[in-house]
> 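My questions will all concern the structure given below.
Note on naming: letters A, B, ... go to the chains in the order of the sequence lines (proteins, then strands), and numbering restarts at 1 for each one. The analysis underlying the following values was restricted to heavy atoms, covering all of them including side chains, and did not include hydrogens, waters or symmetry mates.
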2 protein chains.
Amino acid sequence: MRADARKNRDHLLAVAGTALTEQGIDVSMRDIARRADVGLATLLRHFPTREALLEALLRTNFDELTARAGELAETSSPPEDALVSWVRDCVAWTTEYRGVTVLMAAAIADIDSALHASCVTLRAAGARLLTRAQAAGTARSDLDGDDLFALVAMLAWLGDQPALAPRADHLFDVIANAILTGTGSADTETR
Amino acid sequence: MRADARKNRDHLLAVAGTALTEQGIDVSMRDIARRADVGLATLLRHFPTREALLEALLRTNFDELTARAGELAETSSPPEDALVSWVRDCVAWTTEYRGVTVLMAAAIADIDSALHASCVTLRAAGARLLTRAQAAGTARSDLDGDDLFALVAMLAWLGDQPALAPRADHLFDVIANAILTGTGSADTETR
DNA sequence: ACCTGAACACCGTTCAAGT
DNA sequence: ACCTGAACACCGTTCAAGT
C-alpha cells in the first residue's frame, strides 16, 4: 500500500471510530467521509461495506475478547465464574457500539460478511469456557456454543434498546443464573 | 370519513398487511403505496408514520393477546402455566411481522409513538399474570412487568434473526425455566 | 496506484395544485 | 374533503475521468 493511502486509511479509521461511537452503527457512510474530508468513493474504496469498516475497527476488540477467554480458561478460578465473567465482558463491550449486535448476528451466518470470521472465533472462545463449566457440572448441559452466542447477543441487544436498557443488568443476572442453574433442572425441563 | 376515503383506507391496510408479512417491517412506504396503486402522499395522509400504520394493522393482535391474558388469569390452570403459555403466544405472534420487536421496544418508552398505548397495555397484561404466579410462589419474586416485557422482546428478537432463530425454541425453554425457577435461587443470587 | 465528482436508483417529508 | 405529482434532502452503488 502506498504511503499516502495508508495515511488516508488510518485517518478514516480514526474518524469512523468516533463517528460510530457517537452516532451508533447506522451513521451514513457519507457522513463518515464528510467528517474525514474525503470523497465518499474514497471511503468505499478502502472499506467497500460497513462490515468491512467495522471489521478493521473492531479487530482489536475481538482479539482482546478471544485472548481473555484463553486467559480465563487457564486460571484456577471456578469455571462457572470464568464463563460468566467473560459473557459479562462481551456484553459490556458492545455497549460502546450501539447497534453492532444486529450486524454480528447476521455475520455469524453469512460467510461473505467481513465480520464472519471474527464472530466465529468469538463463538468458539465462548464454547470452550462453556464446555469447561459443563465438565465441572456447573453449567446447563443442554447448551452449546450457538446457544451461548445467542444469549450474549440477546443481552447485548437489550442494552442497545434505550427503553429496555435499565433492566439489562438485572436480566443479565437472571440469565447468567439460568446458564449456571446446573444440569438437574435442565433435565427435568427438556424431557 | 367519506366513503371513498374509508374504502381507500381499508384497501391500504389490506395491501400493507401482505407487504409487511412478506417483506418484513422495513418495507418502504413507497412500495406499499405502489402495491396499492395509490400515490405515496395518500398513504402518508392516512398513516403519517410507519408506527401509525402498524397500530391500525396490529390493533386486533394486541387486543387478542390482552384478552387472552385476561382469560388465562381466570382459568383454574396453574398460574405458572398460564404465564408461560401467554409469553409463548406473544413471542409466536411477533414472528409474523419480522422486525416489529425493535419498534415495540422503542414505542414502550415513546409517548408520542402510535404504538405506545398498545405496548403499555400488553405490558400490564403480562404483569398481572406474573404477579399471580409470584403470589403462588412459582415465579421469581425479583421480576416485574418491565422485566417480563424485556424478556419477551429478547425472545421475539431472537426469532427475528435468521442466524439465531434455530435456537429460539430451546432458549425459550431455558428462559421460561429461569422465570419459574422460583424465589429460592433468586434470593441467593441477588444478594 | 490512488482519488473523486457525478449520475443513478432509492428513501421519507412536505406542499402547492388538482378534483 | 380527499387525492396526487413534484420538489427536496437524504442514502449507498457504480464508474469514467483525473492526478
> For A:His11 and C:dC3, give me the distance from atom NE2 to atom C1', rounded to whole Å.
15 Å

> Using the side chain to side chain donor-acceptor pair (under 3.5 Å) rule, collect all pairs that involve residues 36-53 of chain B, keeping only residues at least two apart or in two chains.
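Qualifying pairs: none.
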
> Can you list everything that forms a ring pair (Phe, Tyr, Trp, His ring centres under 6.0 Å) with B:Phe62? Sequence neighbours excluded, please.
B:Trp93

> Just the rounded figure in Å: distance from C1' of D:dC3 to NZ of B:Lys7.
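The answer, rounded to whole Å, is 14 Å.
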
> Go through the structure and list residues passing salt bridge (Lys or Arg N to Asp or Glu O under 4.0 Å) with B:Asp26, not counting sequence neighbours.
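With sequence neighbours excluded, B:Asp26 shows a salt bridge (Lys or Arg N to Asp or Glu O under 4.0 Å) to no residue whatsoever.
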
> Tell me, please, which residues at least two apart from B:Val100 pass side chain to side chain contact (heavy atoms under 4.5 Å, CB included).
B:Ile25, B:Leu58, B:Thr94, B:Tyr97, B:Met104

> Residues in salt bridge (Lys or Arg N to Asp or Glu O under 4.0 Å) with B:Glu74, at least two apart?
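With sequence neighbours excluded, B:Glu74 shows a salt bridge (Lys or Arg N to Asp or Glu O under 4.0 Å) to no residue whatsoever.
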
> Stem list for DNA chain D, please, built from Watson-Crick and G-U wobble pairs under 3.5 Å and keeping only runs of at least 3.
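So far as stems of 3 or more pairs are concerned, DNA chain D shows C:4-8 with D:12-16, C:12-16 with D:4-8.
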
> Please enumerate all residues that pass side chain to side chain contact (heavy atoms under 4.5 Å, CB included) together with B:Glu55, with sequence neighbours excluded.
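For B:Glu55, the residues satisfying side chain to side chain contact (heavy atoms under 4.5 Å, CB included) (neighbours in sequence not counted) are B:Arg59, B:Ala114, B:Leu115, B:Ser118.
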
> Let me spell it out: for each of B:Arg30 and B:Arg2, pick the nucleotide of DNA chain D with the closest heavy atom. Which residue's pick is nearer the 5' end?
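Checking each residue's closest nucleotide, the 5'-ward one belongs to B:Arg2.
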
> Go through D:dT13, C:dC11, C:dC2 for me and flag the one nearest to the B:Asp31 side chain.
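Looking only at heavy atoms from C-beta outward on B:Asp31, the closest nucleotide is C:dC11.
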
> Any salt bridge linking A:Glu22 with A:Arg35? Criterion: basic side-chain nitrogen under 4.0 Å from a carboxylate oxygen.
yes

> With the side chain of B:Arg34 defined as its heavy atoms from C-beta on, choose the nearest nucleotide among C:dC11, C:dC2, D:dC3.
C:dC11

> Below 4.0 angstrom, which residues in residues 17-29 of chain A have at least one non-hydrogen atom near DNA chain D?
A:Ser28, A:Met29

> Holding to salt bridge (Lys or Arg N to Asp or Glu O under 4.0 Å), I want the full list of residues that pass it with A:Asp10, two or more places apart in sequence or in another chain.
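Per chain and number, A:Asp10 pairs via salt bridge (Lys or Arg N to Asp or Glu O under 4.0 Å) with A:Arg6.
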
> Around atom CG of B:Asp4, are there more than 12 heavy atoms from other residues, nucleotides or ligands closer than 6.0 Å?
yes

> Only counting residues at least two apart or in another chain, list the ones meeting ring pair (Phe, Tyr, Trp, His ring centres under 6.0 Å) with B:Trp86.
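Testing B:Trp86 for ring pair (Phe, Tyr, Trp, His ring centres under 6.0 Å), a comparison that skips the adjacent residues, returns none.
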
> Roughly how many Å is it from CG in A:Asp4 to C1' in C:dT4, rounded to a whole number?
14 Å

> Which residues in residues 37-58 of chain A have a heavy atom closer than 4.0 Å to any atom of DNA chain C?
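A:Gly39, A:Ala41, A:Thr42, A:Arg45, A:His46 - these, ordered by number, are the residues of the stretch whose heavy atoms sit under 4.0 Å from the strand.
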
> Does D:dC2 have OP1 or OP2 under 4.0 Å away from a side-chain N or O of B:Asn8?
no

> Kindly write out the residues that satisfy salt bridge (Lys or Arg N to Asp or Glu O under 4.0 Å) with B:Arg167, not counting sequence neighbours, or none if the list is empty.
A:Asp144, A:Asp146, A:Asp147

